[in-house]
Amino acid sequence: MDKILMTTPLVEMDGDEMTRILWSMIKEELLLPFIDLKTEYYDLGLEHRNETNDQVTADSANATKKYGVAVKCATITPNAARMDEYHLKEMWKSPNGTIRAMLDGTVFRAPIIVKGIEPCVKNWKKPITIARHAYGDVYKASELKIPAAGKVELVYTRKDGNETRELIHNFTGAGVIQGQHNLNDSIESFARSCFTYALDVKQDLWFATKDTISKKYDHTFKDIFQEIFDAEYKEAFEKSGITYFYTLIDDAVARVMKSEGGYIWACKNYDGDVMSDMISSAFGSLAMMTSVLVSPNGYYEYEAAHGTVQRHYYKHLKGEETSTNSVATIFAWSGALRKRGELDGIHTLMEFADKLEAACVKTIEEGKMTKDLALITSIEQPTVLNSQDFIRAIRQSLEETL
């Protein structure tokens, strides 16, 4: 067959460790034989980030603004141990955090449903998508250890020098404090991204915080969502036959457990971090989770929801065989290719993305899978494949479909 032609490049963000190895395998086996692949390549591996003083991360985000669609491999966010291991100049920030802030996006994560990988919650029949705000809160917090008795206040100083004060606590002994913030502009972008995404996929949207306790901070989120919905999206939701509603986070958890799925659950930054891991684990595996960053400006960045699979990488370096699940990384590529095809009007590219995902699902449902899935599948006597053979099995299914 002739290779599918692309007109506009994808922004390709390479990554670290075992996922970097899988990245190369996926391109070689599943993409390059079928697509005249056009990408603008950025190496976000930790060594290159260190060499460029992390400028490459900012460059990749700016390229995403230029071209509209990016696909990203998992990357290392360094800690003290990584500082020594990679001889870093400094403890560079999370590339995901940098890119999310620059694109002002919202992260949407949803499980990949496969027969034989059954959800722990038996009544879940459809995917549950987590929409995670990607700015502020605990991730931008300032913290202070309080050594002894004393008064701690929030102080806001206007440009004209006038101050507003709010008592945090009168300490009678040692303790700790934390100051969080968010921005109305970012919350507004979060809300619009959620409403737009819900209309795109025609699913109900839930939003949950704890405004009964946080009467100013969380209540601001609630108010902004409602104001934007009423002014800009209510009519479109009614025409699409979908609903938006707000509920408390604890009530949302109870509702989720009793539901059958099939909706979007919007959460603040930390809530979304925790709940996306809960949803992915309950549906089967983090390696079976899609993740896309959607900007209200129309930028899309697709990635796997998991990390760099460090333990498997060290085995790989020793020459030992690994059985690493590549499905989430494959779906990052398919999602980006589908969006690129949609924006450029290339239907063959969109169809290829659909068939690539179907080939992944078919391979697993036929009982051919990596070790992590074999441990949880209800399929009897599955065939456990190593990392490369699993990708080759998907290629065989894909070629049969094509």
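No experiment lies behind these values; they were computed from the predicted model shown. Values below: all heavy atoms of this structure, side chains included; hydrogens, waters and symmetry mates excluded.
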| Residue of the set Asp273, Asn269, Asp271 for which side-chain contact (heavy atoms from CB on, under 4.5 Å) holds with Asp137 | Asn269

| task | Step through the shown structure and confirm whether more than 12 heavy atoms of other residues, nucleotides or ligands are within 6.0 Å of NZ on Lys371. | result | no

| task | With ring pair (Phe, Tyr, Trp, His ring centres under 6.0 Å) as the test, would you mind laying out the steps for Phe190 and Phe225 before giving the verdict? | result | CA-CA 9 Å; Phe190 174 40; Phe225 261 73; 5.2 Å; yes

| query | Quick one: do Glu301 and Lys72 make a salt bridge, cutoff under 4.0 Å? | reply | no

| request: Determine, step by step, whether Thr129 and Trp265 satisfy the side chain to side chain contact (heavy atoms under 4.5 Å, CB included) criterion, reporting the C-alpha distance in whole Å, the side-chain angles of both residues, the deciding distance to 0.1 Å, and the verdict. | output: CA-CA 6 Å; Thr129 300; Trp265 179 11; over 6 Å; no

| said: Students often mix this up, so state it plainly: with edges at 30° and 60°, are the rings of Phe171 and His169 parallel, tilted or perpendicular? | reply: perpendicular

| request: Please say whether the positively charged group of Arg109, taken as NZ for Lys or CZ for Arg, lies over the ring of Phe283, i.e. under 6.0 angstrom from the six-membered ring centre and within 45 degrees of the axis. | output: no

| message | Between Thr290 and Ala110 (side chain of the first, backbone of the second, donor and acceptor by atom type, cut-off under 3.5 Å), is there such a pair? | response | yes

| query | Side chains of Ser291 and Phe108: closer than 4.5 Å at any heavy-atom pair? | reply | no

| said: Main chain of Thr370, side chain of Ser323: is a donor-acceptor contact present, judged purely on distance under 3.5 Å? | reply: no

| said: Distance to the ring centre below 6.0 angstrom and angle to the axis at most 45 degrees; does that hold for Lys268 and Phe221? | reply: yes

| remark: Between Lys362 and Ser397 the two heavy atoms that sit nearest each other are NZ-OG, 4.3 Å

| query | Got more than 12 heavy atoms from elsewhere within 6.0 Å of CG, Asp2? | reply | no

| request: Report the C-alpha distance between Val155 and Thr157 in whole Å, list the side-chain angles of each, state the deciding distance to 0.1 Å, and finish with yes or no for side chain to side chain contact (heavy atoms under 4.5 Å, CB included). | output: CA-CA 6 Å; Val155 181; Thr157 307; 3.9 Å; yes

| request: Under the salt bridge (charged side-chain N to carboxylate O under 4.0 Å, His left out) rule, what do Asp211 and Lys222 come out as? Steps first, then yes or no, please. | output: CA-CA 7 Å; Asp211 68 289; Lys222 177 186 177 182; 3.6 Å; yes

| task | Return yes if some donor-acceptor pair links the side-chain N/O of Trp124 with the main-chain N/O of Lys258 below 3.5 Å, else return no. | result | no

| Stepwise side chain to side chain contact (heavy atoms under 4.5 Å, CB included) check, Thr57 with Trp92 | CA-CA 10 Å; Thr57 304; Trp92 304 110; over 6 Å; no

| task | Check whether any side-chain N or O of Arg49 sits under 3.5 Å from a backbone N or O of Ile76 as a donor-acceptor pair, and report yes or no. | result | yes

| Cationic N near anionic O, under 4.0 Å, Arg340 to Asp344 | yes

| message | Could you check whether Phe352 and His347 have their ring centres less than 6.0 Å apart? | response | no

| query | When the ring centroid of Phe237 is compared with that of Phe229, is the distance short of 6.0 Å? | reply | yes

| task | Report yes or no: does Thr64 contribute a side-chain atom to a donor-acceptor pair with the main-chain N or O of Ser60 at less than 3.5 Å? | result | yes

| Candidates Gln310, Arg311, His312 - the one meeting side chain to side chain donor-acceptor pair (under 3.5 Å) with Tyr314 | Gln310

| request: Answer yes or no: does atom NZ of Lys355 have more than 12 heavy-atom neighbours from other residues, nucleotides or ligands under 6.0 Å? | output: yes

| request: Salt-bridge test for Glu12 and Lys27: reply yes if a basic N is under 4.0 Å from a carboxylate O, no otherwise. | output: yes

| Where Asn50 and Glu90 come nearest, the two heavy atoms and their spacing | OD1-N, 4.4 Å

| query | Can you check whether Tyr197 reaches Ile264 side chain to side chain, under 4.5 Å on heavy atoms? | reply | yes

| said: Quick check for you: to the nearest 0.5 Å, what is the distance between Asn325 atom CG and Met369 atom CE? | reply: 10.0 Å

| task | Could you please spell out the steps behind the side chain to side chain donor-acceptor pair (under 3.5 Å) verdict for Glu188 and Asn184? | result | CA-CA 6 Å; Glu188 289 167 8; Asn184 280 17; 5.0 Å; no

| Does Arg338 come within less than 4.0 Å of Glu357, counting only side-chain N to carboxylate O? | yes

| Are the side chain of Asp389 and the backbone N or O of Leu385 linked by a donor-acceptor pair below 3.5 Å? | no

| query | Is the backbone of Thr324 close enough, under 3.5 Å, to the side chain of Ser387 for a donor and an acceptor to pair up by distance? | reply | yes

| query | Checking Lys368 side chain against Glu365 main chain: does a donor-acceptor pair fall under 3.5 Å? | reply | no

| Side-chain ion pair, Glu303 and Arg100, N-O less than 4.0 Å | yes

| Residues Arg82, Glu17: salt bridge by 4.0 Å N-O rule | yes

| Taking the side chain from Ser186 and the backbone from Leu183, do they hold a donor-acceptor pair closer than 3.5 Å? | no

| Minimal non-hydrogen separation, Ile364 against Ile379, with atom names | O-CD1, 3.4 Å

| field | Polar side chain donor-acceptor pair, Tyr270 to His133, under 3.5 angstrom | value | no

| request: Could you give me the CA-CA distance, side-chain angles and deciding distance for Tyr246 and Thr209, then say whether side chain to side chain donor-acceptor pair (under 3.5 Å) is met? | output: CA-CA 8 Å; Tyr246 171 83; Thr209 67; 2.6 Å; yes

| Is the backbone N or O of Lys216 less than 3.5 Å from a side-chain atom of Thr220, with the two atoms forming a donor-acceptor pair by type? | yes

| query | Does the ring center of Tyr244 lie less than 6.0 Å from the ring center of Phe195? | reply | yes

| query | Looking at Ile177, Ile168, Leu167, which hits side-chain contact (heavy atoms from CB on, under 4.5 Å) with Leu154? | reply | Ile168

| Ring centre gap for Phe245 and Phe207 strictly below 6.0 Å | no

